[in-house]
Amino acid sequence: MKNRLDRLFIDPNREDILYFLETDDVGELEMLYAFADEVRKQFVGDAVHLRAIIEFSNYCRRGCRYCGLSKDNLQVTRYRMKPEEIVATARGIYQKGYRTIVLQSGEDSSYTLDDYLYITREIKKIGDLALTLAWGEKTEEEYRAYYEAGADRFLLKHETSNPELYRRLNPGMELAERIECLRALKRIGFQVGSGIMVGLPGQTNGSIADDILLFRELGVDMVGCGPFVSHPQTPLGEADNGGVDLSFRVLALNRIALRHVHLPATTALSTLGGGEMRRLALERGANVVMPNLTPENYRRLYDIYPNKKRTEVGSTDFREELETLVTSLNRFIPDTPY
Ligand code: SAH
């Protein structure tokens with residue numbers, strides 16, 4: 001067992017990862033979590049980074065079968081923020097003290113390259129902040145243009161490393177293309193984030209082990225893994241939700257196998273498990289929290305999965321709540337963009 005933990009850290013292999021995804025020995029799990037916390041402390045320290053998210057459009061050209069924003073969901077009221085409105089929102093967020101802003105949306109083809117460059121440049125002019133983009137698959141030339149305009153990071157989860165499952169869940173899309181996007185983003189110089197959904201219908205533990213090894217191979221800088229949450233307005237509406245317990249194992253394994261990466265305590269975890277999940281995640285490898293600062297009037301419309309709104313976290317109160325939580329863990333929230 002100790003050997004397995006050491007091996008995970010030094011040279012992780014599929015069998016050892018799988019072992020910890022499946023063991024039902026409570027003592028072993030406790031050791032896994034304690035070790036993840038140690039590795040977290042040693043490699044990324046006690047800082048808990050806040051990344052403020054603006055969900056700026058819920059239009060999407062894709063038909064992902066798990067996602068409430070799929071183009072096939074005709075019950076969604078769609079919204080799209082104007083470039084100036086996105087920049088103004090970012091300015092307000094900066095004034096609240098956040099130093100990383102994440103722009104996320106569906107794959108909305110109506111923004112032009114010039115719109116994206118304008119948004120990127122204007123937000124970077126606001127102050128000393130890091131800008132993360134998460135607006136889907138684009139060409140390498142486009143990614144390069146965003147980078148040259150000042151964007152620092154890009155998030156694009158590979159969702160699952162099983163090509164057949166990927167194809168089934170994302171009609172018309174190919175895993176290889178997604179991975180090529182991630183490689184292009186790395187080549188360009190972005191800090192790159194990937195991730196998966198844990199407990200997707202049809203996903204095996206072996207495939208989750210492959211996901212963790214793929215994060216390593218890609219050399220990603222951030223990994224967001226939360227449980228799949230079934231959405232009634234999608235073809236997977238009847239499927240079971242992903243496991244909270246399994247998601248924690250994935251988090252801890254990511255920390256041990258990937259060491260330096262940024263790992264968020266995901267919103268999906270809190271959606272299924274309640275508020276206490278955030279603390280547990282921070283104690284089991286996580287070092288990032290991503291508060292949602294989408295303007296109030298749009299927030300409920302960015303309905304990727306149900307009850308996401310219940311964990312809405314953009315208020316000043318939430319910021320204070322987080323400060324209290326982080327302090328109680330003997331950790332701190334830095335005021336730099338890193
Ligand atoms: N269009 C952008 C942003 C997608 S939404 C992109 O492709 O990157 C952000 C993430 O939400 C997705 O990457 C996916 O991992 C997650 N997500 C989507 N539907 C979900 C669901 N039903 N349960 C849990 N997570 C989900």
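When a ligand or atom number is given, it counts from 1 through the structure's own listing order.
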Below 4.0 Å, non-hydrogen atoms only: which portion of [X] touches ligand 1? Side chain, backbone, both or neither.
X: Cys64; result: neither
X: Ser105; result: backbone
X: Gln104; result: side chain

Are the charged groups of [X] and [Y] less than 4.0 angstrom apart, N to O?
X: Glu15; Y: Arg4; value: yes
X: Glu217; Y: Arg183; value: yes
X: Arg99; Y: Asp335; value: no
X: Glu323; Y: Arg319; value: yes

Could you tell me the residue and atom name of the protein heavy atom closest to [atom], and the distance to it rounded to 0.1 Å?
atom: atom 13 (O) of ligand 1; answer: Glu159 OE2, 2.6 Å
atom: atom 19 (N) of ligand 1; answer: Ile304 CG2, 3.0 Å
atom: atom 6 (C) of ligand 1; answer: Arg178 NH2, 3.8 Å
atom: atom 26 (C) of ligand 1; answer: Met197 SD, 3.4 Å

Find all atoms of ligand 1 within a distance of less than 4.0 Å from any non-hydrogen atom belonging to [X], and give their numbers and elements.
X: Lys157; answer: 13 (O), 15 (O)
X: Cys67; answer: 19 (N)
X: Pro227; answer: 24 (C)

Checklist entry - Heavy atoms only: which of Asp303, Val229, Asn170 is nearest to atom 21 (C) of ligand 1? => result Val229

Checklist entry - So which of Asp211, Leu21, Asp16 actually passes side chain to side chain contact (heavy atoms under 4.5 Å, CB included) with Leu253? => result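 The option that passes is Leu21.
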
Checklist entry - Are any non-hydrogen side-chain atoms of Arg144 and Thr139 less than 4.5 angstrom apart? => result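 The answer is no; the side chains never approach within 4.5 Å.
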
Item to check | N or O pair under 3.5 Å between Tyr66 and ligand 1 | outcome: yes

Checklist entry - Side chains of Thr112 and Asp114: donor-acceptor distance under 3.5 Å anywhere? => result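 Absent: no donor and acceptor within the cut-off.
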
Next on the checklist: For Tyr338, is there any backbone N or O sitting under 3.5 Å from a side-chain donor or acceptor partner on His49?
Outcome noted: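 Checking the backbone N and O of Tyr338 against the side chain of His49, a donor-acceptor pair under 3.5 Å is found.
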
